[in-house]
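The figures here come from the full heavy-atom set of this structure, side chains too, leaving out hydrogens, waters and symmetry mates.
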Amino acid sequence: MDPSVEQLRRRLESAGQRHVLQFWPELSEEERAAFLQELAQLDLQRLKEHCDGATRAAAAPPASLDRHIEPVPPEIIGGVKRSDSGCLSEWEREGLLQVSESRVGVLLLAGGQGTRLGVQYPKGMYDVGLPSGKTLYQIQAERIHKVQELAARKFGSACTVPWYIMTSEFTLAPTERFFQENNYFGLEPSNVVMFEQRMIPAVTFDGKVILQGKGKIAMAPDGNGGLYQALVDSRVLEDFGRRGVEYLHVYCVDNILVKMADPVFIGFCVSKGADCGAKVVVKADPAEPVGVVCRVRGVSQVVEYSEIGPESAGLRGPGGELVFSAGNICNHFFTRSFLQEVAAKFEVQLKQHVAIKKVPFVDSCGNQVKPSEPNGIKMEKFVFDVFPFSRNFVVFEVVREDEFSPLKSAAGAAADTPTTARNSLLTQHCRWAAAAGATLLDGRGNAFHPAASVSADPPQFEISPLVSYFGEDLQPLLNGRTLQTPFVLDGNRAKELQAAQSRV
Ligand code: UTP
């Protein structure tokens, strides 16, 4: 063995990772060079700590926080149904003002592997089967266009909402290619900033890094809380400063109903002087597996559903409402200065969470194995774990049917599938059309009657975000009309309807 490789072997051995080079003699020159390059990027002392920490954390019994939790106090909560319409309009105005002054950016967390959905490409490229065939990325891009337009129209100044997209080794190249092929969906490419989060090794239950190939370690992105390190690594914090972006709306790629740079939420947070805020929905039932925004020993944070026992989860208040009801939907507000402070002071303190996963590997005989049972530990940081560092944390409660329908799993799963995401969006658009005075007929000629809940078989009626961001401006187009579905109300259709209305 080459002396430098021999030295590496010794260092791996003292880090407890001798097996890493077990297939070295079988590797080609090229594979060896690539593997050495990969290994050179690993800090072996930290690797040892990482592996030891992962096994310790995976073996630890789940923490129970029941005795220490209390709901967040009502004075820090606003909401679509909790707050009066005057306040909501004022917050919307404030939010649009900030957007119009180009002080708001959106930041997409898109580094995940989407294993439950099971596609080989980034989730944002997924088409849930809408009549328009739009992907999640396209819907989001069009909402950015629209919110810029709404702000510019209200305040008379052209503005930009830059789109920051955190990717990982898995998602960066295909995402870049997809945006290029689609001409950035009409956005100015320089206002779409993609950056990459770090990757860390997956580890077996006995603390060994997993070999994905004979010359490749199984690496996984370091969780969506890898954001804070990535903001520094990629100098994105500086980009905020250069552009004058003071407020960030951070969100997950998979919520088809996400309100990009939501003016009401931004305006609420800004008006309250918050440095950090979370949108929540009321938990559907005590057993719904979502994190809950609450206080632990007096400090606001998200508690995972595994950390609360069924008794606390099921506690109800005098009106029958769940006491711990604030379901986290990964829709956050941060000021730039808060993010700077987190990056400078608190990032190192972020908790590491254990995810037990099925990680493909090569066994000791060199066979490629796709495990049917979980065999590995991936350590992840979570984006919401910075809430405890906030000096002024606020919560904004929104209506689930209007703002939250995540795409997590493949068709056939019990919840959060392409079908549920599609139906949420179509039902919402049908509700907007009905509120604007239209009658929608489905394929059998039956009229749609809007209900609050998501229809399992809504008419195929879709509104382009370029026409309406959140149901506004539809009445002049739709009032008194009967429309046969499928129907896609895009810019051209809107012009035709407008022309027809003006002829009446
Ligand atoms: P999820 O926890 O739902 O993970 O991520 P996922 O990768 O999309 O799907 P599974 O669990 O493998 O099936 C919530 C959000 O956080 C992002 C995802 O892209 C998604 O928007 N994320 C997750 C990251 O940006 N980086 C990560 O390391 C993990």
Is a side-chain N or O of [X] found less than 3.5 angstrom from the main chain of [Y], in a donor-acceptor match?
X: Gln428; Y: Asp402; result: yes
X: Lys146; Y: Leu466; result: yes
X: Asp66; Y: Gly309; result: yes
X: Ser234; Y: Val236; result: no
X: Arg400; Y: Val281; result: no
X: Asp275; Y: Asn392; result: yes
X: Asn183; Y: Phe185; result: no
X: Thr427; Y: Ser455; result: yes

Run the ring-centre check on Trp91 versus Phe265 and record whether the distance is less than 6.0 Å.
no
Check for me whether the distance between the ring centres of Tyr247 and Phe333 falls short of 6.0 Å.
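Yes: the rings meet the under 6.0 Å criterion.
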Audit row: Lys134, Asp490, salt bridge (charged side-chain N to carboxylate O under 4.0 Å, His left out) steps and yes/no:
CA-CA 12 Å; Lys134 284 177 191 170; Asp490 57 14; over 6 Å; no
Is any side-chain heavy atom of [X] closer than 4.5 Å to a side-chain heavy atom of [Y]?
X: Gln229; Y: Leu350; value: no
X: Val282; Y: Glu321; value: no
X: Ile377; Y: Met379; value: yes
X: His353; Y: Asp385; value: yes
X: Thr160; Y: Glu188; value: no
X: Leu65; Y: Ser312; value: no
X: Leu474; Y: Val467; value: yes

Lys/Arg-Asp/Glu bridge criterion (N-O < 4.0 Å) met for Lys351, Glu307
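Looking at Lys351 and Glu307, the cut-off is met.
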Hey, are Arg153 and Asp473 close enough for a salt bridge, meaning a charged N less than 4.0 Å from a carboxylate O?
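Asp473 and Arg153: salt-bridged.
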For the side chain to side chain donor-acceptor pair (under 3.5 Å) test, which of Lys357, Lys378, Glu169 pairs with Gln113?
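Of the listed residues Lys357, Lys378, Glu169, the side chain to side chain donor-acceptor pair (under 3.5 Å) partner of Gln113 is Lys378.
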As a test of understanding, state which of Thr115, Asn255, Thr417, Asp254 forms a side chain to side chain donor-acceptor pair (under 3.5 Å) with Lys408.
Asp254
Tell me the closest heavy-atom pair linking Gly105 and Val245, and the distance in Å.
N-CG1, 3.6 Å
Over all heavy atoms of both residues, which pair between Ala230 and Glu196 is shortest? Give the atoms and the distance, please.
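It is CB-O, 3.7 Å.
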Classify the ring geometry between [X] and [Y] as parallel (under 30°), tilted (30 to 60°) or perpendicular (over 60°).
X: Tyr121; Y: Tyr126; answer: parallel
X: Trp432; Y: His429; answer: parallel
X: Phe387; Y: Phe384; answer: tilted

Would you say the side chains of [X] and [Y] form a donor-acceptor pair under 3.5 Å?
X: Glu462; Y: Ser132; value: yes
X: Ser409; Y: Asp416; value: no
X: Gln138; Y: Glu142; value: yes

Where do Gln98 and Glu94 land on the side-chain hydrogen bond (donor to acceptor under 3.5 Å, both in side chains) test, with the steps shown first?
CA-CA 6 Å; Gln98 298 299 339; Glu94 176 66 37; 2.7 Å; yes
Is it the case that atom OH in Tyr305 sees more than 12 heavy atoms from other parts of the structure closer than 6.0 Å?
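Counting other residues, nucleotides and ligands, OH of Tyr305 stays at 12 neighbours or fewer.
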Answer yes or no: does atom CD of Glu181 have more than 12 heavy-atom neighbours from other residues, nucleotides or ligands under 6.0 Å?
yes
By ring-ring contact (aromatic ring centres under 6.0 Å, His included), Phe487 pairs with (sequence neighbours left out) Phe461
Under the ring-ring contact (aromatic ring centres under 6.0 Å, His included) rule, collect the residues that match up with Tyr137, sequence neighbours excluded.
Phe179
With salt bridge (charged side-chain N to carboxylate O under 4.0 Å, His left out) as the test, would you mind laying out the steps for Glu92 and Lys259 before giving the verdict?
CA-CA 12 Å; Glu92 182 174 30; Lys259 285 178 80 180; over 6 Å; no
